[in-house]
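Residue numbers begin at 1 in each chain, while the letters A, B, ... track the order of the sequences.
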Amino acid sequence: MKLPRAFFARDTVTVARELLGQRLVRLEAGRRLSGIIIETEAYVGETDLACHARAGRTPRTTVMYGPPGCAYVYLNYGLHWMLNIVTERNGFPAAVLIRAIEPMEGVEVMRRRRGHVPDRQLTNGPGKLAQALHITGSLHGHDLCARGAVLFVERAGNAAPSAILARPRIGIHSVPEPWRSLAWNFRLSRE
DNA sequence: AGCACGATTAACT
DNA sequence: GTTAATCGTGCTC
């Protein structure tokens, strides 16, 4: 069952932690592609200097200022699409970056898209999972909570707090403290 | 100019 | 097996 807007309309760090263990689903051409979310990152507001909203509302970041539960998708380094889900109240710019999933349904399709890399490398990075699930800028602003959504999150269990590793966020080396060191990257520890 | 990355190298255990 | 360095790519500001 699809996570409702109320799930995303909360504190971003809480949403990032609780998304671990849930199932990201992509409907495409009548097929169901999905995977369990195993790594996320929180980006919180204009004061968070690692967040794109640090520069205020721009054409790119407008979606982050909108209702929670919508996809914030952007292109990084000219080739990697990044999937985020908008959080908090309408008007406050924040989102959770989905960094990794464990493939569940449609693995054959993912293998084809990813060029037959080893299965463990199918969706173990934000650009990789976007490629595997065919998530591009065309899904920017997509409402994950609407009826008929082709991208959404299903409740699939709860991660025990003891199973969650919190570390600094990835790839924000040039961001000043304290934001660089905030432990806002969350992942499920493997067994 | 500067990226919320990934594939490929090269150098190490 | 690992870590570190490099750079392509195109969009935002």
Presence of salt bridge, A:E46 and A:R54, under 4.0 angstrom: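 No, A:R54 and A:E46 are not salt-bridged.
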
Test: A:E108 and A:R113 ion pair at under 4.0 Å: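 No, A:E108 and A:R113 are not salt-bridged.
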
Figure out the [atom1]/[atom2] separation between [X] and [N], and round it to whole Å.
{"X": "A:K128", "N": "B:dA7", "atom1": "NZ", "atom2": "C1'", "answer": "9 Å"}
{"X": "A:E46", "N": "B:dA4", "atom1": "CD", "atom2": "P", "answer": "17 Å"}
{"X": "A:N185", "N": "B:dA4", "atom1": "CG", "atom2": "C1'", "answer": "11 Å"}
{"X": "A:R169", "N": "B:dC3", "atom1": "CZ", "atom2": "P", "answer": "14 Å"}
{"X": "A:R54", "N": "C:dT12", "atom1": "CZ", "atom2": "C1'", "answer": "10 Å"}
{"X": "A:E39", "N": "B:dC5", "atom1": "CD", "atom2": "P", "answer": "10 Å"}
{"X": "A:L83", "N": "B:dC5", "atom1": "CG", "atom2": "P", "answer": "14 Å"}
{"X": "A:L129", "N": "B:dG6", "atom1": "CG", "atom2": "P", "answer": "9 Å"}

Check [X] against [Y] and note the closest heavy-atom contact, atom names and distance.
{"X": "A:D143", "Y": "A:C70", "value": "CA-SG, 4.0 Å"}
{"X": "A:I37", "Y": "A:I101", "value": "CA-CG2, 4.0 Å"}
{"X": "A:M64", "Y": "A:C51", "value": "SD-SG, 3.9 Å"}

DNA chain C: stems of at least 3 consecutive Watson-Crick or G-U pairs whose donor-acceptor distances fall under 3.5 Å: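 Stem list for DNA chain C: B:1-3 with C:10-12, B:5-12 with C:1-8.
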
Earlier contact from the 5' end, DNA chain B, for A:Y72 and A:V117: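 It is A:Y72 whose nearest nucleotide is closer to the 5' end.
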
Closest-nucleotide 5' rank along DNA chain B - winner of A:V175 and A:Q121: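 Per heavy-atom nearest nucleotide, the more 5' residue is A:V175.
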
Nearest listed nucleotide, side chain of A:C51, among B:dA4, B:dG6, B:dC5: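 Selected nucleotide: B:dA4.
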
Side chain A:N185, main chain A:R167, donor-acceptor under 3.5 Å: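 Judged by distance alone, no pair lies under 3.5 Å.
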
Check: A:H142 side chain, A:V150 main-chain N or O, donor-acceptor pair, under 3.5 Å: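 Flag set: sc A:H142 to bb A:V150 pair under 3.5 Å.
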
For nucleotides 3-11 of chain C, list the nitrogen or oxygen atoms of the protein found under 3.5 Å from its nitrogen or oxygen atoms, one pair per line.
from  : atom 1 : to    : atom 2 : distance (Å)
C:dT9 : O2     : A:Y77 : O      : 2.6

Ring-face cation contact, A:Y43 with A:R169, 6.0 Å cut, 45° max: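 Satisfied, under 6.0 Å and within 45°.
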
side-chain N/O A:S174 vs B:dC3 OP1/OP2, d < 4.0 Å: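 So the side-chain polar atoms of A:S174 do come within 4.0 Å of the phosphate oxygens OP1 or OP2 of B:dC3, strictly under.
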
Any A:H52 side-chain nitrogen or oxygen under 4.0 Å from OP1 or OP2 of C:dT12: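 Answer is no, no contact under 4.0 Å.
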
Salt bridge (charged side-chain N to carboxylate O under 4.0 Å, His left out) between A:R10 and A:E18, intermediate numbers included: CA-CA 11 Å; A:R10 298 182 295 156; A:E18 294 192 9; 2.9 Å; yes

Touch class at under 4.0 angstrom, heavy-atom based, for A:R114 against every strand present: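 Sugar-phosphate, no base atom in range.
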
